[in-house]
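The figures that follow rest on heavy atoms only: side chains count, while hydrogens, waters and symmetry mates do not.
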Amino acid sequence: MFSGSAPLTTVQLLWVNMIMDTLGALALATEPPNDELMKRPPIGRNEQFITKIMWRNIIGQSIYQITVLVILTFRGKELLKLSGSDSTPILNTFIFNSFVFCQVFNEKNSRDMEKINIFRGIFDSLVFVIVMIATVVFQVIIVEFLGTFAKTVPLSMELWLGSILIGAVSLPLAVILKLIPVERSRKATIFKPHNGHEPLPSGPDMA
């Protein structure tokens with residue numbers, strides 16, 4: 001950052017990366033299929049991997065998170081009324097904690113990129129619930145008990161609630177983003193054999 005030091009350490013970035021990639025993928029990939037998902041048309045080979053709907057959500061959430069991080073980095077001590085020799089480590093821990101909870105709540109948003117009610121059927125996936133609980137528990141352990149390893153300091157109850165509220169803003173923000181109209185992808189292409197051969201005729205006439 002322009003202040004000369006990064007608010008997140010290497011260990012903290014590794015933990016955030018694990019939440020977003022490994023644990024996030026595990027939680028979302030183990031969701032049981034539903035009827036609406038099975039009714040969706042197949043996606044053609046030439047379709048983009050990241051759809052316009054995904055880009056809408058990614059850009060919107062990224063703008064919010066970057067804005068929060070920049071404001072906290074440069075004005076955090078004033079907003080949180082921090083002073084003293086331990087104000088910098090407290091602020092950096094608060095930034096780290098807020099960033100993690102943004103990812104936790106955003107994983108819930110990722111359950112469905114189009115529908116408003118993202119909590120529907122959330123308890124049908126036991127793995128998703130376990131991953132969410134485990135992430136929060138490990139975050140508490142990292143902040144409160146692994147200060148030497150993770151370069152964190154214990155936070156007060158007010159700062160914990162502030163971090164959770166900052167992360168929770170991702171939920172109503174996702175609702176607003178989903179109200180922004182986005183052009184849908186082209187209708188799924190019907191797959192045809194591409195090995196140079198036509199399928200053999202079949203039916204009662206060929207019996």
Side-chain angles (χ1 to χ4, degrees), residues 1-28 57-111 116 118-119 122-123 127-178:
M1 300 296 291
F2 299 107
S3 59
S5 60
L8 301 181
T9 66
T10 303
V11 173
Q12 293 170 1
L13 287 173
L14 288 174
W15 171 236
V16 172
N17 185 66
M18 181 176 293
I19 295 174
M20 298 174 64
D21 296 341
T22 307
L23 296 178
L26 177 64
L28 296 173
N57 297 337
I58 291 173
I59 294 173
Q61 295 288 350
S62 297
I63 291 175
Y64 166 68
Q65 293 183 20
I66 291 173
T67 302
V68 169
L69 291 179
V70 170
I71 292 175
L72 288 177
T73 299
F74 294 103
R75 293 289 183 263
K77 292 182 182 180
E78 300 175 15
L79 295 174
L80 300 175
K81 298 180 180 180
L82 300 177
S83 60
S85 58
D86 59 346
S87 60
T88 298
I90 290 177
L91 175 61
N92 290 340
T93 303
F94 180 80
I95 293 174
F96 166 59
N97 208 36
S98 301
F99 190 55
V100 166
F101 276 101
C102 281
Q103 314 316 315
V104 170
F105 282 99
N106 206 30
E107 284 185 17
K108 296 179 177 64
N109 291 327
S110 299
R111 295 186 69 243
I116 302 298
I118 58 173
F119 294 100
I122 192 172
F123 294 107
V127 175
F128 185 91
V129 176
I130 292 176
V131 169
M132 291 294 99
I133 295 175
T135 300
V136 174
V137 170
F138 276 110
Q139 179 64 16
V140 173
I141 294 174
I142 289 174
V143 170
E144 297 293 327
F145 304 106
L146 298 181
T148 304
F149 175 71
K151 305 298 182 184
T152 59
V153 294
L155 297 177
S156 64
M157 183 61 65
E158 291 79 8
L159 292 180
W160 269 102
L161 291 176
S163 300
I164 296 173
L165 287 176
I166 289 175
V169 172
S170 298
L171 297 179
L173 176 60
V175 174
I176 297 174
L177 291 173
K178 290 174 182 178

Please test T152 against L146 for side-chain contact (heavy atoms from CB on, under 4.5 Å), starting from the C-alpha separation and ending with a verdict.
-> CA-CA 7 Å; T152 59; L146 298 181; 5.6 Å; no

Go through the steps to decide whether T135 and W15 satisfy the test side-chain contact (heavy atoms from CB on, under 4.5 Å), and finish with yes or no.
-> CA-CA 10 Å; T135 300; W15 171 236; 4.2 Å; yes

Audit row: V129, I133, side-chain contact (heavy atoms from CB on, under 4.5 Å) steps and yes/no | CA-CA 6 Å; V129 176; I133 295 175; 3.8 Å; yes

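A side-chain N or O of K77 and one of T88 form a donor-acceptor pair less than 3.5 Å apart.
Counting non-hydrogen atoms of neighbouring residues, nucleotides and ligands closer than 6.0 angstrom, the CZ atom of F138 reaches no more than 12 such neighbours.
The shortest heavy-atom contact between L91 and T73 is CD2-O, 4.4 Å. What you find for F105 and I164 is that their closest heavy atoms are CE1-O, 3.7 Å. Pairing each heavy atom of F101 with each of S163, the nearest pair is CB-O, 3.9 Å. The two residues T9 and K151 have their closest heavy-atom pair at CG2-CB, 3.7 Å. Of all non-hydrogen atoms in L159 and F94, the two that sit nearest each other are O-CE1, 3.2 Å. Nearest heavy-atom pair, P89 versus T93, reported as atom, atom and distance to 0.1 Å: O-OG1, 2.8 Å.
To the nearest 0.5 Å, atom NZ of residue K178 and atom CG of residue N57 are 6.5 Å apart. From I19, atom CD1 reaches atom SG of C102 across 11.0 Å, with rounding to the nearest 0.5 Å. The line from CZ of F128 to NZ of K108 is 6.0 Å long, rounded to the nearest 0.5 Å. Distance check, rounded to the nearest 0.5 Å: CD of Q103 to OG of S110 gives 9.5 Å. Once rounded to the nearest 0.5 Å, the distance linking CD1 of I166 with CD1 of I95 reads 9.5 Å. Note that the CG atom of L173 and the CD atom of Q65 stand 9.0 Å from one another [nearest 0.5 Å].
For the pair N109 (side chain) and S170 (backbone), a donor-acceptor distance under 3.5 Å is present. Side chain of E107 to main chain of M132: no donor-acceptor pair is present (N/O by atom type, distance under 3.5 Å, no hydrogens or angles). Judged by distance alone, the side chain of Q61 and the main-chain N or O of N106 form no donor-acceptor pair under 3.5 Å.
Under the 4.5 Å side-chain criterion, counting only non-hydrogen atoms from C-beta, V131 is in contact with V127. Residues F96 and I142 meet the side-chain proximity criterion, which asks for heavy atoms closer than 4.5 Å.
For the side chain to side chain contact (heavy atoms under 4.5 Å, CB included) test with L155, the passing option among N97, V140, L161 is N97; the others fail. The side chain to side chain contact (heavy atoms under 4.5 Å, CB included) test with S87 singles out one residue from L80, N92, L82, and that residue is L82.
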